[in-house]
Novice: 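Please see the structure below; I have some questions.
Just so it is clear, the values below take in all heavy atoms, side chains as well, and ignore hydrogens, waters and symmetry mates.
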Amino acid sequence: MYRIGELAAQCDIKADTLRFYEKHGLLAPSSRSDAGYRLYNDHDKARLSFIIRAKAVGFSLNEIAELLSIELDKSNWACADVKGMVDSKLVQVQAKIQELSHFANSLQSLSNACCGGPESAEHCSILEALESTSKDLNPKQEHGHTHTHIHNTGAHASAQQPNSHKQES
């Protein structure tokens with residue numbers, strides 16, 4: 001039998017994480033000691049390992065609960081049911097990757113369009129693109145322009161270093 005801290009340490013998680021899984025109905029101690037401490041057995045340890053592995057590949061707590069219910073009643077489920085869950089999660093992950101790729105491309109476009117110099121942000125292409133009513137982020141290219149006024153006022157003055165990003169016209 002393991003106390004909560006012992007089981008948590010063996011599974012390389014915090015005791016609070018174990019309590020969190022208990023609170024969400026994914027795990028329950030097998031028994032309690034006379035002093036009221038949670039006690040876990042090897043079956044509980046295997047279940048916790050299952051939860052940790054499922055979480056590591058991206059399953060939500062609700063999805064893990066469903067997988068655990070299948071695990072407990074394997075004879076009434078088909079392998080196709082489990083594969084369906086995995087395939088559904090895979091589609092979700094691939095959609096998220098596409099979304100993040102779109103974010104990265106948009107951010108790269110914004111970054112590429114900005115001179116990044118110490119000049120005033122009054123005509124910053126990034127801010128202009130974000131203020132635009134257009135759905136596409138197509139910032140005006142700032143490369144090759146020069147700002148003749150450098151404003152060294154306010155909180156950013158100490159961080160600005162004039163001439164460090166000097167641009168030629």
Side-chain angles (χ1 to χ4, degrees), residues 1-116 121 124-143 155-156 159:
M1 298 296 274
Y2 309 96
R3 287 178 43 178
I4 191 167
E6 296 167 336
L7 180 59
Q10 285 195 14
C11 292
D12 201 28
I13 62 170
K14 295 184 178 185
D16 285 344
T17 303
L18 214 158
R19 286 186 198 95
F20 180 79
Y21 293 151
E22 282 183 20
K23 180 180 174 185
H24 285 82
L26 299 177
L27 185 70
S30 294
S31 61
R32 296 253 181 189
S33 70
D34 292 337
Y37 292 109
R38 295 171 172 91
L39 296 175
Y40 303 89
N41 61 25
D42 288 331
H43 175 74
D44 299 325
K45 182 179 178 183
R47 185 175 174 100
L48 179 58
S49 294
F50 182 100
I51 294 166
I52 292 167
R53 284 191 299 273
K55 190 83 174 116
V57 296
F59 285 107
S60 69
L61 295 182
N62 288 336
E63 292 163 335
I64 293 170
E66 189 172 350
L67 286 167
L68 286 167
S69 71
I70 293 170
E71 171 69 18
L72 292 174
D73 191 22
K74 291 178 190 175
S75 63
N76 290 317
W77 292 87
C79 191
D81 297 322
V82 180
K83 183 178 181 354
M85 286 184 68
V86 169
D87 289 346
S88 175
K89 179 53 81 174
L90 180 58
V91 168
Q92 291 173 13
V93 168
Q94 288 169 334
K96 188 65 172 176
I97 289 169
Q98 283 183 324
E99 180 184 33
L100 291 172
S101 178
H102 174 73
F103 291 164
N105 291 337
S106 296
L107 290 168
Q108 188 64 62
S109 176
L110 288 170
S111 179
N112 290 346
C114 182
C115 69
C124 177
S125 63
I126 294 173
L127 296 177
E128 288 173 359
L130 293 173
E131 290 170 349
S132 170
T133 56
S134 170
K135 288 186 179 184
D136 293 325
L137 289 177
N138 293 320
K140 297 174 190 170
Q141 295 289 322
E142 282 190 13
H143 299 292
H156 299 291

Novice: Can you see which heavy atom on Trp77 is nearest to which on Asp73, and at what distance?
Specialist: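 What the structure gives for the nearest pair is CD1-O, 3.0 Å.
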Novice: Side chain to side chain contact (heavy atoms under 4.5 Å, CB included), that's the test. Do Ile70 and Met85 meet it? Break it down for me.
Specialist: CA-CA 11 Å; Ile70 293 170; Met85 286 184 68; 3.8 Å; yes
Novice: If we check side-chain contact (heavy atoms from CB on, under 4.5 Å) with Lys14, which of these qualifies: Leu18, Asp12, Thr17?
Specialist: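 Exactly one option meets the side-chain contact (heavy atoms from CB on, under 4.5 Å) with Lys14, and it is Thr17.
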Novice: Distance-only check: which donor-acceptor pairs under 3.5 Å involve side-chain atoms of residues 90-104, not counting sequence neighbours?
Specialist:
{"residue": "Gln92", "atom": "OE1", "partner": "Lys89", "partner atom": "NZ", "Å": "3.2"}
{"residue": "Lys96", "atom": "NZ", "partner": "Glu99", "partner atom": "OE1", "Å": "3.1"}

Novice: Applying side chain to side chain contact (heavy atoms under 4.5 Å, CB included) to Met1 and Ser31, what does each step give before you reach the verdict?
Specialist: CA-CA 9 Å; Met1 298 296 274; Ser31 61; 3.2 Å; yes
Novice: Enter the distance from Ile13:CD1 to Leu7:CG here, rounded to the nearest 0.5 Å.
Specialist: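 With rounding to 0.5 Å, CD1 (Ile13) is 6.5 Å from CG (Leu7).
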Novice: Just so I know, are the side chains of Tyr21 and Leu61 near enough to count as touching, which here means a heavy-atom distance under 4.5 Å?
Specialist: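 Sidechains of Leu61 and Tyr21: in contact.
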Novice: Between atom CD of Glu63 and atom CZ of Phe59, what is the distance when rounded to the nearest 0.5 Å?
Specialist: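 Here the rounded value is 6.0 Å.
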Novice: Below 4.5 Å, heavy atoms only, C-beta onward: do Gln108 and Asn112 meet side chain to side chain?
Specialist: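 Yes; the side chains approach each other to less than 4.5 Å.
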Novice: Do Arg38 and Arg3 make a side-chain contact, defined as non-hydrogen atoms from C-beta onward lying under 4.5 Å apart?
Specialist: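 Of all side-chain heavy-atom pairs linking Arg3 with Arg38, none is under 4.5 Å.
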Novice: What are the two closest heavy atoms between Glu66 and Ser69, and how far apart are they?
Specialist: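 For Glu66 and Ser69, the tightest heavy-atom pair comes out as O-OG, 2.7 Å.
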Novice: Using the ring pair (Phe, Tyr, Trp, His ring centres under 6.0 Å) criterion, which residues pair with Phe50? Sequence neighbours excluded.
Specialist: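 Phe50 satisfies ring pair (Phe, Tyr, Trp, His ring centres under 6.0 Å) with no other residue.
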Novice: Do you know the tightest heavy-atom contact between Ile4 and Ala15?
Specialist: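 The pair with the smallest heavy-atom distance is CD1-O, 3.9 Å.
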Novice: Taking all non-hydrogen atoms of both residues, which atom of Leu127 and which atom of Ala121 are closest, and how far apart?
Specialist: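 That would be CD1-O, 3.9 Å.
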Novice: Please give me the minimum heavy-atom distance between Ser49 and Cys11, naming the atom from each residue.
Specialist: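 Scanning both residues completely, I find the closest heavy atoms to be OG-SG, 4.2 Å.
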Novice: Compare every heavy atom of Leu110 with every heavy atom of Ile126, then report the nearest pair and how far apart it is.
Specialist: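 Looking at all heavy atoms of both residues, the shortest contact is CG1-O, 3.4 Å.
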Novice: What distance do Gln10 atom CD and Leu48 atom CG have between them, rounded to the nearest 0.5 Å?
Specialist: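 The CD atom of Gln10 sits 10.5 Å away from the CG atom of Leu48.
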Novice: Between Asp44 and Arg47, does any side-chain N to carboxylate O distance fall below 4.0 Å?
Specialist: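 Salt bridge: no.
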Novice: Hey, is the main chain of Gly84 close enough, under 3.5 Å, to the side chain of Ser88 for a donor-acceptor pair?
Specialist: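 Pair absent, no side-chain N/O of Ser88 close to backbone of Gly84.
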Novice: Given salt bridge (charged side-chain N to carboxylate O under 4.0 Å, His left out), test Arg19 with Asp16 step by step and report yes or no.
Specialist: CA-CA 5 Å; Arg19 286 186 198 95; Asp16 285 344; 2.7 Å; yes
